[in-house]
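Just below is one structure, and these are the notes that go with it.
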2 protein chains.
Amino acid sequence: MSGISDVLLPTVTTDVFSALANPVRRQLLDSLREGPRAAGELAGQFSLSRPAVSEHLQVLRGAGLVREEPRGRHRYYHLQPQPLAEVGQWLHPYEHFWRERLRSLRDVLDEELS
Amino acid sequence: MSGISDVLLPTVTTDVFSALANPVRRQLLDSLREGPRAAGELAGQFSLSRPAVSEHLQVLRGAGLVREEPRGRHRYYHLQPQPLAEVGQWLHPYEHFWRERLRSLRDVLDEELS
DNA sequence: TCGACGTGTCGGGAGAAGTTGACATGTCGG
DNA sequence: CCGACATGTCAACTTCTCCCGACACGTCGA
């Protein structure tokens, strides 16, 4: 049984771009891509205090990128990737720019190496 | 006459993701997408002090997203979009995730509205 | 050469973010 | 019911970010 609230964003309090600014948070998302993880399990992957990781997770939750599922004495975090679409949208107009630059890089390399 | 240094990144001192965390900086890039702009011209678009904008531009330069071209008493800024490729690469594995979510959103909406 | 203009940089202050240790809460197993 | 465990939260400190006003430097036009 799934409701609409499972799919729509929960209240967003943090900018997605800001949430992604921190490398630890990006790695947390990368981990969650492989499936839900308990908080401690996530904390173990980083040389960081547990509270620090917990607060990073809270920032991600504030950006709507993560959902919590309490389950016994564990709390599982799930990836919630929809807000990333905003980043994708912003990035899209630039895509052909950097492809163009890569092409010209190749051309210059061709010239330099010939 | 173009050399390889025009195409490769200059010394990067700031993380690209951090550079994009600020909305003003994203808007600066959006402006530059339409062509090179002088510093004052860019500053005029925001209700911000000139020094503030100048420092934002410096951050963008630190991330390799912008190039300066001094020209008389103006200084023109050019978009340098290659570093955005890194963002695109990071984002790519998530793309199918959010597409999937959008699809399930549509399905839920279908159900709710029927 | 001199004043006006375009811009970068410096110093400082307000506020946000990151980190850590200590404590509080809730859950499981015996 | 009680101790161990998984986790969140609080207080405090440090560091970073963002912003501004003021000043310095180079360039243009007369």
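In the text below, chain A, chain B and the rest are named by the order of the sequence lines, each starting its count at 1.
- Annotation: side chain to side chain contact (heavy atoms under 4.5 Å, CB included) contacts of A:E69 (sequence neighbours excluded): A:R71, A:Y76, A:H78.
- Listed by chain and residue number, A:R99 satisfy the side-chain hydrogen bond (donor to acceptor under 3.5 Å, both in side chains) test with A:E95 (two or more places apart in sequence, or in another chain).
- Of the two residues contacting DNA chain C, namely A:N22 and A:R73, the nearest-nucleotide position lying further toward the 5' end is that of A:N22.
- Rounded to an integer number of Å, the gap from B:E55 CD to C:dG11 C1' is 11 Å.
- Residues that satisfy the salt bridge (charged side-chain N to carboxylate O under 4.0 Å, His left out) test with B:R73, not counting sequence neighbours, are absent from this structure.
- Of all the residues in residues 24-33 of chain B, B:R25 reach under 4.0 Å from DNA chain D with at least one non-hydrogen atom.
- Axis deviation across the helix from C:dT1-D:dA30 to C:dG30-D:dC1 amounts to 30°, comparing end segments of five pairs, rounded to 10 degrees.
- OP1 and OP2 of C:dT7 both lie 4.0 Å or more from every side-chain N or O belonging to B:S54.
- Look at B:Q58 and you won't find any side-chain N or O under 4.0 angstrom from OP1 or OP2 of C:dG8.
- Under the salt bridge (charged side-chain N to carboxylate O under 4.0 Å, His left out) criterion, the residue pairs touching residues 40-49 of chain A are A:R37-A:E41, with sequence neighbours excluded.
- In this structure, B:Y77 reaches the sugar-phosphate backbone alone: every heavy-atom distance under 4.0 Å involves primed, P, OP1 or OP2 atoms, never a base.
- Counting to the nearest Å, the P atom of C:dT7 and the CD atom of B:E69 are 12 Å from each other.
- At distances below 3.5 Å, at least one donor-acceptor pair connects side-chain atoms of A:Y94 with backbone N or O atoms of B:D30.
- For the contact set between residues 34-51 of chain B and DNA chain C, defined by any heavy atom under 4.0 Å, the members are B:A38, B:A39, B:G40, B:R50, B:P51.
- Looking at residues two or more places apart in sequence or on another chain, you find a salt bridge (charged side-chain N to carboxylate O under 4.0 Å, His left out) between B:R26 and A:D15.
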Can you list, pair by pair, the side-chain donor-acceptor contacts under 3.5 Å of residues 42-57 of chain A, counting residues two or more places apart and other chains?
unit_1: A:Q45; atom_1: OE1; unit_2: A:S31; atom_2: OG; d: 2.6
unit_1: A:S49; atom_1: OG; unit_2: A:A52; atom_2: N; d: 3.2
unit_1: A:H56; atom_1: ND1; unit_2: A:R25; atom_2: NH1; d: 3.1

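- Minimum heavy-atom separation, B:Q89 to B:P93: O-CD, 3.3 Å.
- Taken together through direct or relayed side-chain contacts under 4.5 Å among Ile, Leu, Val, Met, Phe, Trp and Tyr, B:V59 and B:L84 form parts of separate hydrophobic clusters.
- No side-chain heavy atom of A:T14 sits less than 4.5 Å from a side-chain heavy atom of A:L65.
- From the 5' end on, the contacts that DNA chain D makes with chain A at under 4.0 Å to a non-hydrogen atom open and close at D:dA4 to D:dC10.
- Remark: B:R67 CZ to B:Q80 CD distance equals 5.0 Å, nearest 0.5 Å.
- Of all non-hydrogen atoms in A:L20 and B:W90, the two that sit nearest each other are CD2-CH2, 3.7 Å.
- Side chain of B:Y77 to backbone of B:L29: no donor-acceptor contact under 3.5 angstrom is found.
- A:H74 has no side-chain polar atom (N or O) that falls below the 4.0 Å cut-off from OP1 or OP2 of C:dG26.
- The separation between B:E68 atom CD and C:dG8 atom P is 7 Å, rounded to whole Å.
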